[in-house]
Amino acid sequence: MNLTDKIAHLIDEKSALYKQVSDKIWEFAEIRFEEMNSANLLCETLTNEGFHVERGVANLETGFIGTFGSGKPVIAMLGEFDALAGLSQHAGSSEYEPITPSGNGHGCGHNLLGVGALAGAIAVKDYLQENNLSGTVKYFGCPAEESGYGKTFLARDGYFKDVDIALSWHPGTVNIVLHARANAVINATFKFKGRSSHAAASPHLGRSALDAVELMNVGVNYLREHIVDEARIHYAITNTGGIAPNVVQAEAEVTYLIRAPKPNQVKDLYNRVLNCAKGAAMMTETTVEEQIIGSCHNLIPNKTLEEVMYQHMQDLSKVKLTEEDIHFAQTIYDTLSEEEKHVAALQVGKEVAQQLVKKPIIDFIVPLPEVPFFMGGSTDVADVSWNVPTAQCSTATWAFGTPFHTWQVVAQGKSAYAHQATLLAGKAIACTAISALENPTLIEKAKAELKQRLDGETYEALIPKDLVPPKLTEAIPVKVYI
């Protein structure tokens with residue numbers, strides 16, 4: 001039995017367990033820094049499988065590391081399990097049907113992500129045991145990927161220093177190894193304070209914090225013309241200072257996501273945004289207090305590991321689709337707008353898109369690109385990729401064209417094809433891990449590539465050294481997503 005067949009067997013024989021854990025995390029639907037039930041379930045599963053579990057790592061209440069084995073090499077599997085606010089949705093429904101109005105939902109598929117990585121880690125553990133091999137597999141329970149940046153805290157505090165390679169994956173609409181780049185990002189809040197007064201009787205005595213927020217936003221909008229093409233700036237007003245129009249607002253707050261291709265670029269851009277805030281405060285005679293609350297670096301690809309992962313994905317059996325699977329995927333695809341369908345078609349090409357209209361689940365492996373493609377968003381996997389060689393794949397857990405962070409993603413979170421695609425991802429990363437365990441020169445080559453890509457740059461977290469992750473009692477639902 002070859003490696004892919006062996007790993008596939010190890011994962012398939014525990015598929016009922018993985019389905020159960022994934023569905024429970026889907027039901028918990030806990031947002032960033034509040035994933036206590038999800039973390040407990042994953043930790044319990046790891047403990048039952050013989051892993052030693054360390055809780056509360058990097059001051060993350062819902063962060064943990066499950067470790068099995070000893071000695072080198074050390075392979076990390078990165079798992080996520082946080083949901084999104086405002087995306088509650090019944091599973092299996094092709095109509096917008098919230099379980100709880102304004103409730104949470106797994107709109108990025110992290111119930112699947114965490115379990116796929118879990119399946120990979122357990123399969124590596126089983127393989128080590130059966131073959132009496134040395135080496136260590138670590139499952140990193142990484143909370144708050146959605147604008148909480150749990151991995152950044154782990155990387156800042158040195159938790160990847162003893163790791164040789166890291167592997168992960170992400171749910172999506174295609175089967176692909178991610179040879180990709182992504183923007184670095186700084187997430188910051190700007191709190192303005194002024195002076196309240198009666199807006200009609202004594203407006204001259206007031207100093208409007210809300211005016212300051214609006215002026216800052218206007219300044220940043222003018223700034224957009226003068227930034228590099230790949231940079232992005234987004235904001236949300238998180239405190240308008242009240243709902244009474246006849247009161248001059250004494251306080252107001254705005255949250256920004258500032259993205260750029262490199263850490264030094266995003267730091268420079270942050271300072272320019274900060275100058276807009278200071279200028280707005282001067283114009284309104286208010287004060288402003290800024291705070292960086294999260295960040296992540298740009299993603300560093302590793303072709304050495306990605307080529308191995310790609311070969312394993314090609315060798316693994318495809319997801320087996322039933323007529324019921326295809327029908328449900330079709331009903332989800334039919335909910336998309338024509339614009340969304342058009343954008344999806346551009347990504348796969350006209351000929352393939354025409355085929356997928358009749359069977360909107362991708363069951364082939366997209367060729368590994370020669371040049372890294374650019375993802376406009378950001379991921380805290382990037383901070384890991386600056387510290388150790390890191391590879392990721394994506395599998396088709398959702399119908400073709402399904403946009404991320406939507407109710408349609410939540411609706412497919414318990415589907416049969418999502419579960420199968422999750423196991424496919426677990427098999428791919430487990431096979432890649434075993435290839436590295438059995439071939440030390442592969443790890444050395446991957447490390448050499450990382451060194452070459454960094455070109456003398458070293459990792460320094462963009463978050464402040466004294467920033468502490470929010471505690472469960474402090475975590476507040478904020479609809480700001482990376």
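The shown structure was predicted, so the numbers you read here are calculated from the model rather than taken from an experiment.
Considering CG of N183 and CD of E230, their distance stands at 6.5 Å, rounded to 0.5 Å. To the nearest 0.5 Å, atom CG of residue L269 and atom CG of residue N264 are 11.5 Å apart. Taken to the nearest 0.5 Å, the NE2 atom of H110 stands 12.0 Å off from the OG atom of S38. The distance from the CG atom of L178 to the SG atom of C393 is 7.0 Å, given to the nearest 0.5 Å. Rounded to the nearest 0.5 angstrom, D315 CG and L3 CG are separated by 9.5 Å. Taking CZ of R32 as the start and CD of E146 as the end, the distance is 10.0 Å to the nearest 0.5 Å.
The backbone N or O of A188 lies less than 3.5 Å from no partner atom in the side chain of E290, so there is not a single donor-acceptor pair. Of the possible polar contacts, one joining the Q420 side chain to the K320 backbone as a donor-acceptor pair under 3.5 Å is found. A side-chain donor-acceptor contact under 3.5 Å links D325 to the backbone of T322. Here the side chain of R453 pairs no donor or acceptor atom with the backbone of N302 at under 3.5 angstrom. The backbone N or O of A39 lies less than 3.5 Å from no partner atom in the side chain of T62, so there is not a single donor-acceptor pair. S295 places a side-chain N or O within donor-acceptor distance of the main-chain N or O of I463, the cut-off being under 3.5 Å. Side-chain atoms of T379 do not come within 3.5 Å of backbone N or O of A382 as any donor-acceptor pair. For D164 (side chain) and I75 (main-chain N/O), no donor-acceptor pair under 3.5 Å exists by modelled atom type. For the pair W26 (side chain) and V410 (backbone), a donor-acceptor distance under 3.5 Å is present. Side chain of W169 to backbone of L113: a donor-acceptor contact under 3.5 angstrom is found.
Between F81 and Y139, the ring center distance fails the sub-6.0 Å criterion.
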Item to check | Stepwise side chain to side chain contact (heavy atoms under 4.5 Å, CB included) check, R272 with I227 | outcome: CA-CA 10 Å; R272 297 176 73 185; I227 61 179; 4.2 Å; yes

Item to check | Pair N187-T255, side chain to side chain contact (heavy atoms under 4.5 Å, CB included): steps then yes or no | outcome: CA-CA 7 Å; N187 185 359; T255 297; 3.4 Å; yes

Next on the checklist: Would D126 and K14 count as a side chain to side chain contact (heavy atoms under 4.5 Å, CB included) here? Give the steps.
Outcome noted: CA-CA 11 Å; D126 290 341; K14 296 181 180 180; 2.9 Å; yes

Next on the checklist: Would T304 and L442 count as a side chain to side chain contact (heavy atoms under 4.5 Å, CB included) here? Give the steps.
Outcome noted: CA-CA 8 Å; T304 300; L442 174 62; 3.6 Å; yes

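Between the side chains of Q314 and Y310, a donor-acceptor pair is found at a separation under 3.5 Å. Side-chain contact check for N48 and T45: no donor-acceptor pair (N or O, by modelled atom type) lies under 3.5 Å. Using modelled atom types and a 3.5 Å distance limit, the side chains of T402 and Q408 yield no donor-acceptor pair.
Of all heavy-atom pairs spanning G135 and L437, the tightest one is CA-CD2, 4.1 Å. In terms of heavy-atom proximity, N298 sits nearest to S385 at O-OG, 4.1 Å. Across every non-hydrogen atom of P261 and A231, the tightest pair is CD-N, 4.5 Å. Nearest approach of A396 to I361, heavy atoms of both residues: O-CG2, 4.5 Å. Closest approach of S378 to C296, counting heavy atoms only: CB-SG, 3.8 Å. Of all heavy-atom pairs spanning T136 and G71, the tightest one is OG1-O, 2.8 Å.
With a 4.5 Å cut-off on side-chain heavy atoms, N387 and K151 do not count as touching. Here the side chains of T4 and S317 are not in contact, with every heavy-atom distance at 4.5 Å or above. The side-chain heavy atoms of H312 and I7, taken from C-beta on, include no pair separated by under 4.5 Å. Residues Y149 and I293 form no side-chain contact, since every pair of their non-hydrogen atoms from C-beta on lies 4.5 Å or further apart. Using a 4.5 Å cut-off on side-chain heavy atoms (C-beta onward), L423 and S15 make contact. Taking the side chain as every heavy atom from C-beta outward, D82 and F33 never approach each other to under 4.5 Å. Between L128 and L133, the closest side-chain pair of non-hydrogen atoms falls below 4.5 Å. In this structure, T189 and T238 have side chains that are not in contact, with every pair of non-hydrogen atoms separated by 4.5 Å or more.
By the 4.0 Å N-to-carboxylate-O rule, K72 lies too far from D162 to be salt-bridged with it. Between K427 and D12 there is a salt bridge, since at least one side-chain N of the basic residue sits less than 4.0 Å from a carboxylate O of the acidic one. Note on K445 versus E449: no salt bridge recorded, every NZ/NE/NH1/NH2 to OD/OE distance being 4.0 Å or above.
No more than 12 heavy atoms of other residues, nucleotides or ligands shown are found within 6.0 angstrom of NZ on K451. Taking a 6.0 Å sphere around CD of E130, one finds it holds more than 12 heavy atoms contributed by other residues, nucleotides or ligands.
Under the side chain to side chain donor-acceptor pair (under 3.5 Å) rule, K414 has a single partner from E27, H106, H419, which is E27. Among L424, V319, T173, the single residue meeting the side-chain contact (heavy atoms from CB on, under 4.5 Å) criterion with T395 is L424.
Taking the side-chain contact (heavy atoms from CB on, under 4.5 Å) definition, one finds that E307 meets it with K303, L368, sequence neighbours left out.
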Return all side-chain donor-acceptor pairs below 3.5 angstrom for residues 349-360, not counting sequence neighbours, or 'none' if the list is empty.
residue, atom, partner, partner atom, Å
K359, NZ, D363, OD2, 3.1

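Using the six-membered ring where Trp is involved, F328 and Y417 have ring planes that are tilted, between 30° and 60° apart. Aromatic ring orientation, F140 versus F160: parallel (interplanar angle below 30°, classes split at 30° and 60°).
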